[in-house]
Amino acid sequence: MRIHIFTLFPEMFQGPLDHSILGRAAAGGLLDLSLHNIRDHADGPHRSVDDYPYGGGPGMVMKPEPLFAAVESVLGSTSPGFPVVLLTPQGRQFTQAEAQRLATEPTVALICGHYQGVDERIRRHLATEELSIGDYVLTGGELAAMVVVDAVARLLPGVLGSAEAAAADSYATGLLQHPHYTRPAQFRGWSVPEILLSGNHEQIARWRREQSLRHTRERRPDLLQSAPLSEEERRLLNTPDQLTRDPSSTD
Ligand code: ADE
């Protein structure tokens with residue numbers, strides 16, 4: 001997959017995306033990240049990329065010309081036929097479902113907004129969609145773009161070590177994850193639940209599913225509305241003491 005990132009601060013991406021799983025994905029040719037500095041496409045002696053807002057008010061606004069020029073010079077046109085995503089707190093909420101959708105695209109462009117905002121013509125005539133990574137305001141779209149790249153890239157075939165790892169994720173199943181344990185079986189007096197040491201795969205799978213249901217009911221009950229659950233699971237959820245408790249849990 002190819003991801004074009006249009007930003008005023010390409011250096012910010014060096015580091016976070018070069019290491020670990022994403023670094024390997026790039027080295028293995030599964031992910032091709034192209035960084036484009038918007039300022040390279042700005043004219044005038046100062047190569048300015050922002051200006052005062054018409055109508056007055058605080059802050060600066062990102063000018064349309066450099067960004068249109070950057071996108072046109074890299075993508076050939078301003079409607080290249082793939083998602084051109086503006087990262088902005090005004091966007092639709094970025095979710096696992098959005099990550100899955102973007103991961104099916106061969107090419108995606110991400111535009112990192114800055115300053116008080118971007119000129120409305122960028123939003124209307126350059127971006128094909130707007131995404132927000134959460135209900136808070138960052139200093140720019142760069143960290144949001146990194147979040148999107150990370151969440152999308154790990155869904156690409158071959159990027160994670162095992163295909164099941166992504167399928168069992170929180171949110172991919174519609175529920176929060178069950179607890180995980182590794183060695184040692186005893187640590188500072190806290191023990192691993194007996195069932196996980198039993199070798200009984202069927203019971204372990206049932207226990208894990210129950211833990212997922214319990215965690216989700218306690219922490220994110222909103223997810224239960226749309227989670228694909230069996231009749232039996234819905235019944236268990238509605239009867240408070242039916243789900244086994246993780247004995248090590250403090251919930
Ligand atoms: N730019 C600033 N804040 C943002 C957010 N929450 N999501 C996406 N882009 C942003």
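For the numbers below, each heavy atom of this structure counts, side chains included, while hydrogens, waters and symmetry mates do not. The model shown is predicted, which means the values in this text are computed figures rather than measured ones.
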Less than 4.5 Å apart, any side-chain heavy atom of [X] and any of [Y]?
| X | Y | value |
| --- | --- | --- |
| Ile204 | Leu196 | yes |
| Val152 | Val108 | no |
| Thr78 | His125 | no |
| Leu155 | Gln96 | yes |
| Met60 | His114 | no |
| Ile195 | Asn200 | no |

Closest contact, heavy atoms only, [X] versus [Y]:
| X | Y | value |
| --- | --- | --- |
| Tyr136 | Pro89 | O-CB, 4.2 Å |
| Ser191 | Tyr181 | O-CE2, 4.5 Å |
| Leu30 | Leu156 | O-CD1, 3.7 Å |

Task: Residues Met12, Thr7; criterion side-chain contact (heavy atoms from CB on, under 4.5 Å); working and verdict - done: CA-CA 9 Å; Met12 279 182 75; Thr7 169; over 6 Å; no

TODO: With sequence neighbours excluded, tell me which residues meet side chain to side chain donor-acceptor pair (under 3.5 Å) with Arg47.
DONE: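 If we apply the side chain to side chain donor-acceptor pair (under 3.5 Å) test to Arg47, skipping adjacent residues, there are no hits.
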
Task: For Glu129, all residues meeting side chain to side chain donor-acceptor pair (under 3.5 Å), sequence neighbours excluded - done: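 Per chain and number, Glu129 pairs via side chain to side chain donor-acceptor pair (under 3.5 Å) with Arg92, Arg101.
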
Take a 6.0 Å sphere around [atom1] of [X] and say whether it holds more than 12 heavy atoms from other residues, nucleotides or ligands.
| X | atom1 | answer |
| --- | --- | --- |
| Glu120 | CD | yes |
| His46 | NE2 | no |
| Asp222 | CG | yes |

Task: Gap separating the CG atom of Leu131 from the CG atom of Leu87, nearest 0.5 angstrom - done: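 CG of Leu87 is found 6.5 Å from CG of Leu131.
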
Same apolar cluster: [X] and [Y], side chain cutoff 4.5 Å:
| X | Y | result |
| --- | --- | --- |
| Leu237 | Leu175 | yes |
| Leu75 | Met1 | yes |
| Val147 | Val137 | no |

TODO: Identify whether the distance between the nearest side-chain nitrogen and carboxylate oxygen of Arg206 and Glu202 falls below 4.0 Å.
DONE: yes

Open item on the list: I'd like to know if Arg214 pairs up with Glu218 as an ion pair, taking the criterion as any Lys NZ or Arg NE/NH1/NH2 lying under 4.0 Å from an Asp or Glu carboxylate oxygen.
Closed with: yes

- [ ] Walk me through it: do Val148 and Ile3 pass the test side-chain contact (heavy atoms from CB on, under 4.5 Å)?
- [x] CA-CA 10 Å; Val148 170; Ile3 304 185; over 6 Å; no

Open item on the list: Working note: Leu229 + Arg209, criterion side-chain contact (heavy atoms from CB on, under 4.5 Å); need CA distance, chi angles, decisive distance, verdict.
Closed with: CA-CA 11 Å; Leu229 300 178; Arg209 183 76 182 170; 3.5 Å; yes

TODO: Would you mind listing every side chain to side chain donor-acceptor pair (under 3.5 Å) that reaches into residues 8-32, with sequence neighbours excluded?
DONE: Arg2-Asp32

Task: Steps toward side-chain contact (heavy atoms from CB on, under 4.5 Å) verdict (Val49, Tyr115) - done: CA-CA 10 Å; Val49 288; Tyr115 309 113; 3.7 Å; yes

Open item on the list: Do Gln90 and Thr88 pair up side chain to side chain, a donor and an acceptor below 3.5 Å, judged on atom types alone?
Closed with: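 Per modelled atom types, Gln90 and Thr88 side chains form a pair under 3.5 Å.
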
